[in-house]
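Treat the numbers as computed from the prediction; the structure is a model and nothing was measured. Quick note: numbers below take in every heavy atom, side chains included, and nothing from hydrogens, waters or symmetry partners.
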Amino acid sequence: MKTKVVGRLITIILLLILILGGVFAYLYFGTDLLKSNGQLFLKYLGQAFYVQDGFVDSQLTEYSKKKYNGKYEDSGTFSTEIDISGIDEETLQTINDFNITYSGKIDNTTRKNEQNITLNYSDDVNFPFNYKYANETLGLQSDYVSSKYIGIENNNLKEFVEKFGVTDTTEIPDTIDLFSAFTNQETINFTDEEREQLTNTYSSILQEKLGGKEFTKTKENDVTSYSVSITNQEIKDLIRTILETVKNDSILMPKMEQMFKDILDTMNQTSDNEVTVQSMIQEIIDDMNNVDSNSDEGTNTITVSQTNKKLSAITLTVNDTSTNVELKITKTNDSGNLTYGMEMNATDIETQENVRYFYTAGYQGLEELASVNENYQFGIIRTMDGEEQKMIYNLNCTDTFNDGLTIEDYAEDEIQLLNDYDAEQITTLMMTIVERINEVNTMQMEEIGFSEYGNPILYTFPLTSIGLLTYNQAADVVNESSMSEVEMNAFNAKFEQYEGVQSGSTVRALLQSVIANNISEMNGDRKVEVSGVVTMSKDDTSVPTDEINTGSTYNVELQYTEGLVSGIIITEQ
């Protein structure tokens, strides 16, 4: 499947929707005088960013504002539905029995957060731990490890990282804002004069490019849809013209640049002066110009659906010589139960290989804003050679507002701060913690009959799972640029904690870490091989744990290639 081409086409069409939505919300909304299918198409497309009738919901906006600026108690459950070929039914059942539950309190007025989190392996086996953020300090604590929190102050982070020999800290902020307030999008508001000027500018472009197109209307039950078909070449020409105009737009460009800066500020990042919205738009234009000419073949269909004169769905269908892709975005609001959905189906015409991505977000209780239930689901279902594999993630949570809740500061002797120690002391402490967690994990995995697979979380953690299911062809869009010093140290740290003489249980944990790394890493240069008493290639997906005796000790030696751990040699002592 030509993933890169599909990605570009989807990006191009989404940009078209964003431009159309912003411009025509003012021109077409609210009038009953528009009679042609083309005008109705633009009218309902323009509702995409209108509060009452479009995808942006005023109640959800108010909920987000109250949540990010207030106090509330929270609770929730994260679970999965996984079915991967090569894993037996009993093991899959154990993986799917695993879930994570949490409950706690969040006080955004004083920047404090307190959570009790439990990894549940079965009804009787679990690993609870506590998370707390207070006094601008983040801490973790588990009775299995220590009675005290192990924490780090959220300031002078550059100085903390430098303890470990990192010299380039330009990309590391001194603090990380964990309590970003609700962002008011006033930046993108337009005056009436600005709207009129934008409308005149972009409607003339659309009239020129789409004026001769035929818009069709269909109706099914209470849903009315308006569609237009446009070839790949035509949509490229349209988007290129719009982007060239946007790039030099004296109204849009300053607002977009400010939004870009606001986003970076929220993330505590700064942008290279050379990286601007204008430069990024130019990169998109250049990228479009470099797309294989074969991608100009094919027809795309954009469909806008309305229910009770309110936008309910936007569907994009992309067809070229090698791939069929359908992307659908929906919104429903049934008696205060608000649900958003997004689904993408992609099929390789030659092989019939298919992958479906879907995401839903549901909210109940938005009218009263006292206690709100949130339900999220993200899934990947892949069909290849008639065999289906799936990874589905569910998060169900409840937020209950409570203006009277309080979160205590850390007690005087409640937390052990890593900032107070040097690098060697921190490394020794962390190794002790890892060793203790490995011991507990070994005991718990034997108790649930999962000892030879490491831990169910290796199969449910999203990054690992997506690595298992994503097409190999997607590797050409992964950024394979050289790693920064910070990234390199973080990568090596996953394995360096196991270096030296270790127990058999610790070596088993190391092998599981290698497998998890090799499955999730799409760049072959970052995969690790194992040799010695155990042999594992970069492509192995299971661990030969029977070759490691938990009662024995082993020496772990690391090998490096261009600064990255690339090989591990394990010898028995």
Side-chain angles (χ1 to χ4, degrees), residues 63-78 100-120 126-164 169 171-183 263-269 371-372 374 376 395-421 426 429-430 433-434 437 457 461-462 486 490 493:
Y63 169 55
S64 298
K65 188 183 298 183
K66 184 175 182 179
K67 183 175 178 180
Y68 287 113
N69 294 300
K71 304 178 180 183
Y72 60 95
E73 299 171 277
D74 63 348
S75 62
T77 301
F78 171 81
I100 302 173
T101 55
Y102 71 91
S103 63
K105 299 181 290 185
I106 296 176
D107 183 355
N108 285 305
T109 65
T110 60
R111 297 171 58 85
K112 294 180 181 179
N113 187 339
E114 187 175 66
Q115 301 292 326
N116 307 117
I117 306 168
T118 304
L119 309 180
N120 300 290
N126 56 60
F127 189 97
F129 64 96
N130 302 308
Y131 163 86
K132 187 172 181 176
Y133 188 91
N135 312 98
E136 300 301 333
T137 299
L138 184 152
L140 294 173
Q141 184 274 332
S142 173
D143 289 340
Y144 279 120
V145 177
S146 171
S147 60
K148 291 185 178 182
Y149 281 90
I150 306 297
I152 180 173
E153 291 180 348
N154 189 13
N155 59 63
N156 297 323
L157 295 180
K158 291 180 185 289
E159 180 182 330
F160 181 80
V161 172
E162 287 170 354
K163 290 183 178 183
F164 299 91
T169 59
E171 296 182 6
I172 299 175
D174 270 330
T175 62
I176 300 175
D177 189 358
L178 302 177
F179 291 85
S180 298
F182 177 80
T183 302
I263 291 172
L264 291 177
D265 289 343
T266 299
M267 299 169 63
N268 289 287
Q269 294 185 7
S371 182
V372 177
E374 302 178 27
Y376 303 95
L395 176 61
N396 302 312
C397 49
T398 301
D399 296 330
T400 303
F401 291 99
N402 180 356
D403 291 335
L405 72 78
T406 59
I407 299 175
E408 299 295 330
D409 290 336
Y410 289 105
E412 183 176 351
D413 196 34
E414 187 182 12
I415 185 168
Q416 194 170 359
L417 285 175
L418 298 180
N419 306 69
D420 296 338
Y421 301 95
I426 294 172
L429 174 61
M430 298 309 294
I433 292 173
V434 169
I437 291 175
I457 201 170
F461 184 62
V486 174

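In summary, the side chains of S75 and S103 do not present any donor paired with an acceptor at a separation below 3.5 Å, with no hydrogens or angles considered. No side-chain donor from either of T137 and N135 sits under 3.5 Å from a side-chain acceptor of the other. There is a side-chain donor-acceptor pair under 3.5 Å between Y133 and N154. Between N116 and E114, the side chains place no donor N or O within less than 3.5 Å of an acceptor N or O (distance only, hydrogens not considered). Inspection of the N120 and T101 side chains reveals an N or O donor paired with an N or O acceptor under 3.5 Å.
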Query raised in the report: Could you walk me through whether K71 and T110 pass the side-chain contact (heavy atoms from CB on, under 4.5 Å) check?
Result: CA-CA 9 Å; K71 304 178 180 183; T110 60; 5.7 Å; no

Requested in this report: Please lay out, stage by stage, how R111 and E136 fare under the test salt bridge (charged side-chain N to carboxylate O under 4.0 Å, His left out).
Outcome: CA-CA 8 Å; R111 297 171 58 85; E136 300 301 333; 2.8 Å; yes

Query raised in the report: Does the side-chain contact (heavy atoms from CB on, under 4.5 Å) test come out yes or no for Y72 and K67, once each step is laid out?
Result: CA-CA 7 Å; Y72 60 95; K67 183 175 178 180; 3.3 Å; yes

Query raised in the report: When you look at K105 and N402, which way does the side-chain contact (heavy atoms from CB on, under 4.5 Å) test go after all the steps?
Result: CA-CA 9 Å; K105 299 181 290 185; N402 180 356; over 6 Å; no

Report task. Please report the C-alpha distance between I150 and L418 in whole Å, then the side-chain angles of each, then the deciding distance to 0.1 Å, and finally whether the side-chain contact (heavy atoms from CB on, under 4.5 Å) criterion is met. Result -> CA-CA 7 Å; I150 306 297; L418 298 180; 3.9 Å; yes

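N396 contributes no side-chain N or O that, together with a main-chain N or O of G76, makes up a donor-acceptor pair within less than 3.5 Å. K163 contributes a side-chain N or O that, together with a main-chain N or O of N419, makes up a donor-acceptor pair within less than 3.5 Å. Between the K112 side chain and the I407 main chain, a donor and an acceptor come within less than 3.5 Å of each other. A donor-acceptor pair under 3.5 Å is formed between the side chain of Y410 and the backbone N or O of K132.
From I437, atom CD1 reaches atom CE of M430 across 7.5 Å, with rounding to the nearest 0.5 Å. Here CD1 of I415 is found 11.0 Å from CG of D409. Values are rounded to the nearest 0.5 Å.
Contact annotation: the side chain of Y376 never approaches that of F78 to less than 4.5 Å [non-hydrogen atoms, C-beta and beyond]. The closest side-chain heavy-atom distance from I100 to T77 is not below 4.5 Å. Here the side chains of Y102 and T118 are not in contact, with every heavy-atom distance at 4.5 Å or above. A heavy-atom distance below 4.5 Å is not found between the side chains of Y131 and Q141.
Judged as a salt bridge (charged side-chain N to carboxylate O under 4.0 Å, His left out), and not counting sequence neighbours, D174 has no contacts. Y144 is linked by a ring pair (Phe, Tyr, Trp, His ring centres under 6.0 Å) to F127, counting only residues two or more places apart in sequence or in another chain. Remark: F160 pairs with F164 by the ring pair (Phe, Tyr, Trp, His ring centres under 6.0 Å) rule, at least two apart or across chains.
When the shell of 6.0 Å around CG of D403 is examined, it contains 12 or fewer heavy atoms from other residues, nucleotides or ligands.
Here the shortest heavy-atom pairing between I176 and L157 reads CG1-CD1, 3.8 Å. A pairwise comparison of heavy atoms in P128 and S142 identifies O-OG, 3.0 Å as the closest pair.
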